[in-house]
Amino acid sequence: MKLATWNVNSLNVRLPHVLEWLKTSPVDALCLQELKLEDAKFPLEAIEDAGYHAVFNGQKTYNGVAIISKSRPEDVAKDMSGYDDAQKRVIAATINGVRVVNVYVVNGQSLDSDKYQYKMAWLAALRGYMANTIATYGDVALLGDYNIAPGDRDVHDPKAWEGQVLVSAPEREHFQALIDLGLTDSFRQFDQAEKSFTWWDYRMNGFKRNLGLRIDHILLTKALSARAVSSMIDVEPRKLERPSDHTPVITEIEN
DNA sequence: ATGGCTCGTGTAACGAGA
């Protein structure tokens, strides 16, 4: 099965890109982040007309996550149970026997921001939520926009970014804490080109100059990672008119 | 130089993103 994640930065604007991408890159589950629309405005018909199911957890203007899947999603859960959060950043469902967890991790803005404190607390909650999820379901895939570049090779200019939000040591420790639950960064299971990124700033011709970060990830529990056969970043959607600033990541798992 | 684009809101200019 193929699992993918894509921060679309407004599903209103990006719906044509998503539908076109699904045609050329059919996947079993596509996790979307930053829908920026409330559930009543989710384009369910268009996605169903394309032959997919969708479950979603949206809010107006900010955040919002969805799972689009070929087979019917089972046991859908929104938000992290036990963690009170007004922001819609989590949705999970079981698809073909795999527990798919889709997260839009807090950005954090800057290390001296209240939002960074929120990010730290949120990531601590995610660790607990994932520990429970793994204990309950076994085979778990954690996909999403983590807003963390795990290592310096995931940053176009590590010196320029040193200590900044998205790369700071406390954020990387939170990423490692997820790995320590028994998860594997599926992208790094395979040989990859140097300077492989999933996000580029809209400004300063960031994409053309490949001034990017790898902050979107697909983590797999051990048995799933043992079945992974490929993982890749698809930069093509970033070349379109009015692209998202993020681009999809896909991991394939053999049955 | 703390900007640079893009989005939603709402119909000007600002907050947020990363």
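Letters A, B, ... mirror the listed sequences (proteins, then strands); counts begin at 1.
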Report task. Could you check whether A:F207 gets within reach of a base, just the sugar-phosphate, or nothing at all, counting any heavy atom under 4.0 Å? Result -> nothing
**Report entry** NZ/NE/NH1/NH2 to OD/OE distance under 4.0 Å, A:R172 and A:D152
**Finding:** yes
Report summary line: Test side-chain hydrogen bond (donor to acceptor under 3.5 Å, both in side chains), reference A:W200, set A:N210, A:N205, A:D245, output is A:N210
Query - Contact list for DNA chain B against residues 235-246 of chain A - heavy-atom distance below 4.0 Å - result: A:R242, A:H246
Requested in this report: Could you check whether A:D145 gets within reach of a base, just the sugar-phosphate, or nothing at all, counting any heavy atom under 4.0 Å?
Outcome: sugar-phosphate
Report task. Return the orientation label for the A:Y146 and A:H217 ring planes: parallel under 30°, perpendicular over 60°, tilted otherwise. Result -> perpendicular
Requested in this report: Could you state the atom-to-atom distance from OH of A:Y116 to P of B:dA16 in whole Å?
Outcome: 19 Å
**Report entry** Separation of atom CG in A:D114 from atom P in B:dG15, rounded to whole Å
**Finding:** 15 Å
Report task. Check whether any side-chain N or O of A:K60 sits under 4.0 Å from OP1 or OP2 of B:dG8, and answer yes or no. Result -> no
Query raised in the report: Which whole number of Å gives the distance between the P atom of B:dT6 and that of B:dT11?
Result: 23 Å
Requested in this report: Pick base, sugar-phosphate or nothing for A:N7, based on heavy-atom distances below 4.0 Å to the nucleic acid.
Outcome: sugar-phosphate
Query raised in the report: Using 4.0 Å as the upper bound for N to carboxylate O, is an ion pair formed by A:E162 and A:K159?
Result: no
Requested in this report: For A:L37, answer base if it contacts any base atom (sugar-phosphate contacts may also be present), sugar-phosphate if it contacts only those atoms, and nothing otherwise; contact means non-hydrogen atoms under 4.0 Å.
Outcome: nothing
Requested in this report: Carefully, step by step, assess A:D85 and A:Y118 under the rule side-chain hydrogen bond (donor to acceptor under 3.5 Å, both in side chains).
Outcome: CA-CA 10 Å; A:D85 187 3; A:Y118 170 45; 2.9 Å; yes
**Report entry** Within one Ile-Leu-Val-Met-Phe-Trp-Tyr cluster: A:F175 and A:W122, side-chain cutoff 4.5 Å
**Finding:** yes
Query - P spacing across the pair B:dC14 / B:dG10, given as an integer number of angstrom - result: 16 Å
Report summary line: To the nearest angstrom, the CG-C1' distance between A:D201 and B:dC7 comes to 13 Å
Query - B:dA18 OP1/OP2 closer than 4.0 Å to side-chain N/O of A:Y104 - result: yes
Requested in this report: Can you tell me, in whole Å, how much space there is between the P of B:dA12 and that of B:dG17?
Outcome: 26 Å
Report summary line: Residues in residues 8-16 of chain A with a heavy atom under 4.0 Å of DNA chain B, by number, are A:N9, A:S10, A:N12, A:V13, A:R14
Report task. Tell me which of A:E34 and A:Y202 sits closer to the 5' end of DNA chain B, going by the nucleotide each one is nearest to. Result -> A:Y202
Query raised in the report: Checking side-chain contact (heavy atoms from CB on, under 4.5 Å) for the pair A:N7/A:R14: CA distance, chi angles, key distance, verdict?
Result: CA-CA 10 Å; A:N7 179 324; A:R14 233 64 67 188; over 6 Å; no
Report summary line: From OH of A:Y118 across to C1' of B:dG17 the rounded distance in Å is 14 Å
Requested in this report: Report the distance from atom CG of A:L166 to atom C1' of B:dA16, rounded to the nearest whole Å.
Outcome: 13 Å
Query raised in the report: Would you say the base of B:dA18 and the side-chain of A:N107 have a donor-acceptor pair closer than 3.5 Å?
Result: yes
Report task. State, with a plain yes or no, whether a side-chain heavy atom of A:E236 is found less than 4.5 Å away from one of A:W21. Result -> no
**Report entry** Nucleotide B:dA18, atom P - distance to NE2 of A:H217 in whole Å
**Finding:** 12 Å
Report summary line: With the side chain defined as heavy atoms from C-beta on, A:K36 is closest, among B:dA16, B:dG8, B:dG17, to B:dG8
Report summary line: The side chain to side chain contact (heavy atoms under 4.5 Å, CB included) partners of A:N107 (sequence neighbours excluded) come to A:Q109, A:N147, A:L166
Requested in this report: Write down the distance separating the P atoms in B:dA1 and B:dA16, rounded off to the nearest Å.
Outcome: 25 Å
Report task. Rounded off to whole Å, could you give me the NZ-to-C1' distance for the A:K119 and B:dG17 pair? Result -> 11 Å
Query raised in the report: How far does the C1' atom of B:dT2 sit from the matching atom of B:dA18, given to the nearest Å?
Result: 14 Å
Report summary line: Result for side-chain hydrogen bond (donor to acceptor under 3.5 Å, both in side chains) between A:Y137 and one of A:D75, A:T94, A:T221 points to A:D75
**Report entry** Separation of B:dG17 P from A:R203 CZ (nearest whole Å)
**Finding:** 13 Å
Requested in this report: Name the closest nucleotide to the A:T61 side chain, picking from B:dA16, B:dT6, B:dT9.
Outcome: B:dT9
Query - Test side-chain contact (heavy atoms from CB on, under 4.5 Å) applied to A:T251 and A:S230, step by step - result: CA-CA 6 Å; A:T251 292; A:S230 70; over 6 Å; no
